[in-house]
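In what follows, every chain begins at residue 1, and chains take the letters A, B, ... in the order their sequences are listed. Just the heavy atoms: all of them, side chains too, but no hydrogens, waters or symmetry mates, feed the values below.
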Amino acid sequence: MDDQTRMLASMAGLGGLSQADVSDPDSVRKQQSLGQPPQDIGDILQQIMAITDESLDEAQARKHALNCHRMKPALFSVLCEIKEKTVLSIRGVQEEDPPDPQIMRLDNMLLAEGVSGPEKGGGSAAAAAAAAAAGGSPNDGSIEHSDYRAKLAQIRQIYHSELEKYEQACSEFTNHVMNLLREQSRTRPISPKEIERMVAIIHRKFSSIQMQLKQSTCEAVMILRSRFLDARRKRRNFNKQATEVLNEYFYSHLSNPYPSEEAKEELAKKCAITVSQVSNWFGNKRIRYKKNIGKFQEEANLYAVKTAVDAANVSAQASQANSPATPNSGGYPAPCYTPDGRL
DNA sequence: GGCGATGATTGCAG
DNA sequence: CTGCAATCATCGCC
């Protein structure tokens, strides 16, 4: 016990004590017994600060001297002994870290979105499923789809390159620390278990950084999805032919512009849009027509003429003049040719 | 960029 | 559920 104390005391003042002092522990004891500290703390600090002014060679020489010190093996064994005792208490603190549920959630989502999974298939499958769920129109679906995939691939690429960078940095840092610890284990006792623990700590730190990366990647994917799959955002005007077909039907049924389910299906097929899009169109058209008949007058006349011509063609073929196809009783007011555009 | 047109959504009534 | 009315969000022209 007394020997150990003496040795530790010498160790503590090693930097500041001369070789003679160290080799004579009694001198330290004498100092202590007189109520004086082994060495003034200011001196020690000065010594430490002085190290930064030393050249690397000097430091190396000092280190070498320390390693070759004749007291070194003895001190080392004492430190090992003390370490052995303290490690026992540390061991209890060690916790087995279970897989973080948040990381698992993020991983699952990235996998489902095809960001972290295999290169092909996953992403497009997810996009296809999402597009199907959104009920995208068949005509522009492929364009949207490829655009979505391109963006997703971009996110995927950034994610993987960042992940690789983090992993590389992690392993580099781990190696560096391990080398440092191995180097230090020559002068102080460091068990493999401790190195392992340090590596685990480093990995935990890096995995928390990775989690941030995963989190922001998930956010990016969510934003992408909402941008591309929100039907309102991906609105495309119907093509000219589709609008013409719909308008033709609307103005030729102005008295009752409510297509039956069959008529809607027929129109949907003709226009290459969905039935609900046909319903939307008619809903919008009715309300907008009613709100401002004047504005639609020209259009209405155009289609009235068109249907009349069509009807005339049909009747000419039948060698019979029929009435126009526009019945007009009890429905929306039909347009007329007033110069001020009012009815 | 402003602005009207237009397809989609939402909330409500019947 | 359907239709209406208001509103949103984007398109496309100037």
### Task
Give a yes/no on whether any side-chain N or O of A/Gln277 is located under 4.0 angstrom from OP1 or OP2 of B/dG7.
no
### Query
Under 4.0 Å between a side-chain N/O of A/Arg236 and OP1 or OP2 of B/dG7, yes or no?
no
### Query
Could you state the CG-P distance from A/Leu267 to B/dG7, rounded to the nearest angstrom?
14 Å
## Note on the structure
When rounded to whole Å, the CD1 to P distance for the pair A/Ile287 and C/dT7 reads 12 Å
### Message
Measuring to OP1 and OP2 of C/dC4, would you say a side-chain N or O of A/Tyr258 lies under 4.0 angstrom away?
### Response
yes
### Message
As a test of reading the structure: which of B/dA8, C/dT2, C/dG3 is closest to the side chain of A/Arg286, going by heavy atoms?
### Response
C/dG3
### Message
Test of understanding: with side-chain hydrogen bond (donor to acceptor under 3.5 Å, both in side chains), list the residues that count as partners of A/Arg105, not counting sequence neighbours.
### Response
none
### Query
Quick check, are the ring centers of A/Tyr251 and A/Phe296 under 6.0 angstrom apart?
no
Would you list the protein and nucleotides 2-6 of chain B atom pairs, both N or O, that sit under 3.5 Å from each other?
from	atom 1	to	atom 2	distance (Å)
B/dT6	O2	A/Arg235	NE	3.4
B/dT6	O2	A/Arg235	NH1	3.3
B/dT6	O2	A/Arg235	NH2	3.2

### Task
Provide the full list of salt bridge (Lys or Arg N to Asp or Glu O under 4.0 Å) pairs with a residue in residues 162-173 of chain A, sequence neighbours left out, each pair given once.
A/Glu162-A/Lys165
#### Entry: Any residue meeting side chain to side chain contact (heavy atoms under 4.5 Å, CB included) with A/Ala61, in chain and number order, not counting sequence neighbours
none
### Summary
note: A/Ile273, atom CD1; B/dG7, atom P; distance rounded to Å ~ 8 Å
### Query
At what angle, to 10 degrees, do the two end axes of the helix from B/dG1-C/dC14 to B/dG14-C/dC1 meet, given five pairs define each axis?
10°
#### Entry: Partner residues of A/Ser216 under the side chain to side chain contact (heavy atoms under 4.5 Å, CB included) criterion, sequence neighbours left out
none
### Task
Could you tell me which residues satisfy side chain to side chain contact (heavy atoms under 4.5 Å, CB included) with A/Glu244, sequence neighbours excluded, listed by chain and number?
A/Glu248, A/Tyr303, A/Lys306
#### Entry: Non-neighbouring partners of A/Lys285 that pass side-chain hydrogen bond (donor to acceptor under 3.5 Å, both in side chains), sequence neighbours left out
A/Asn247, A/Glu299
### Summary
Heavy-atom nearest pair, A/Asp107 first then A/Ser116, reads O-OG, 4.0 Å
### Task
Could you state the atom-to-atom distance from NZ of A/Lys290 to C1' of C/dA5 in whole Å?
8 Å
### Message
So, using side chain to side chain contact (heavy atoms under 4.5 Å, CB included) as the criterion, who are the partners of A/His203 when residues are at least two apart?
### Response
A/Cys170, A/Thr174, A/Val199
### Query
Do the side-chain N or O atoms of A/Asn280 get closer than 4.0 angstrom to the phosphate oxygens (OP1, OP2) of B/dA8?
yes
